[in-house]
Amino acid sequence: MAFDRVAPTLVDAVVSGVRDLDAAGVGIDRAVDDDPLVTLEVIAARIGRPVEVVRGWAGLPAPVRDHPRRPVYHWPDVSAWLDRHRSPVPPAGGGAAALEAVTLALRLRALAPRLERMPPIRSLLYP
């Protein structure tokens, strides 16, 4: 399941998405990073440029799946190319750590009903 939303931080966006999925009765057990396969539209959105500008760039890495209307690119290759030839792609701001923390929280939430005493475990989070 994938979703996009506007939020102050990645953690806020992911937690908001988890809560919405919970409310819809859809349980998830992990939070993962974006798909590394992207279209020109996704590249443009990630770097804040119009898709027409991105489409016009010469030297962009070759698509991993060529399609006349929607070629698909490998984001790590595109990001590295941007760092070298255009403007550096801003780091995700601790994205991997944030997603790992949300995943650990979801795993702990799933285990909680089978645990005899949760408060001592919860106290480990806030010593």
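Note that this is a predicted model, so its numbers are computed, not measured.
- The heavy-atom pair separating Pro50 from Ala44 by the smallest distance is C-CB, 4.0 Å.
- The minimum heavy-atom distance between Val102 and Val15, with the atom names listed, is CG2-CG2, 4.5 Å.
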### Task
Report the C-alpha separation of Asp29 and Thr103 in whole Å, then their side-chain angles, then the decisive distance to 0.1 Å, and conclude whether the side chain to side chain contact (heavy atoms under 4.5 Å, CB included) test is met.
CA-CA 7 Å; Asp29 63 355; Thr103 296; over 6 Å; no

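- Expressed to the nearest 0.5 Å, how far CZ of Arg49 lies from CG of Leu40 amounts to 14.0 Å.
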### Message
Between Asp20 and Arg5, is the salt bridge (Lys or Arg N to Asp or Glu O under 4.0 Å) condition met? List the steps.
### Response
CA-CA 11 Å; Asp20 288 351; Arg5 60 188 57 229; 2.9 Å; yes

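- Hydrophobic clustering (side-chain heavy atoms under 4.5 Å, transitive across Ile, Leu, Val, Met, Phe, Trp, Tyr) keeps Val11 apart from Val6.
- Using a distance-only test at 3.5 Å, with no hydrogens or angles considered, a donor-acceptor pair links the side chain of Ser123 to the main chain of Pro120.
- Between Asp22 and Arg109 there is a salt bridge, with a side-chain nitrogen of the basic residue lying less than 4.0 Å from a carboxylate oxygen of the acidic one.
- Surrounding CZ of Arg19 are at most 12 heavy atoms belonging to other residues, nucleotides or ligands under 6.0 Å away.
- Nearest heavy atoms, Ala58 versus Trp81: O-CZ2, 3.4 Å.
- Using a 4.5 Å cut-off on side-chain heavy atoms (C-beta onward), Val42 and Tyr73 make no contact.
- Looking at Leu60, Val54, Asp83 one by one, the single match for side-chain contact (heavy atoms from CB on, under 4.5 Å) with Val78 turns out to be Leu60.
- Put simply, Leu106 and Leu111 are part of two different groups of oily side chains (I, L, V, M, F, W, Y) that touch within less than 4.5 Å, one to the next.
- The two residues Ala13 and Ala7 come nearest to each other via the heavy atoms N-CB, 3.5 Å.
- Evaluation of the side-chain contact (heavy atoms from CB on, under 4.5 Å) rule for Val32 yields Arg30 as partners, not counting sequence neighbours.
- Environment of CD in Glu41: crowded, with over 12 heavy atoms of neighbouring residues, nucleotides or ligands closer than 6.0 Å.
- In the hydrophobic cluster analysis, where Ile, Leu, Val, Met, Phe, Trp and Tyr join through side-chain heavy atoms closer than 4.5 angstrom, Val64 is grouped apart from Val38.
- No side-chain heavy atom of Trp75 sits under 4.5 Å from any side-chain heavy atom of Leu37.
- Judged purely by atom type and a 3.5 angstrom limit, Thr39 has no side-chain atom pairing as donor or acceptor with the backbone of Val72.
- Under the salt bridge (charged side-chain N to carboxylate O under 4.0 Å, His left out) criterion, Arg122 pairs with no residue at all, not counting sequence neighbours.
- Side chains of Leu82 and Trp57 form a contact here, defined as non-hydrogen atoms less than 4.5 Å apart.
- Cluster membership check: Leu104 does not share its hydrophobic cluster with Leu21, using side-chain heavy-atom separations under 4.5 Å among Ile, Leu, Val, Met, Phe, Trp and Tyr.
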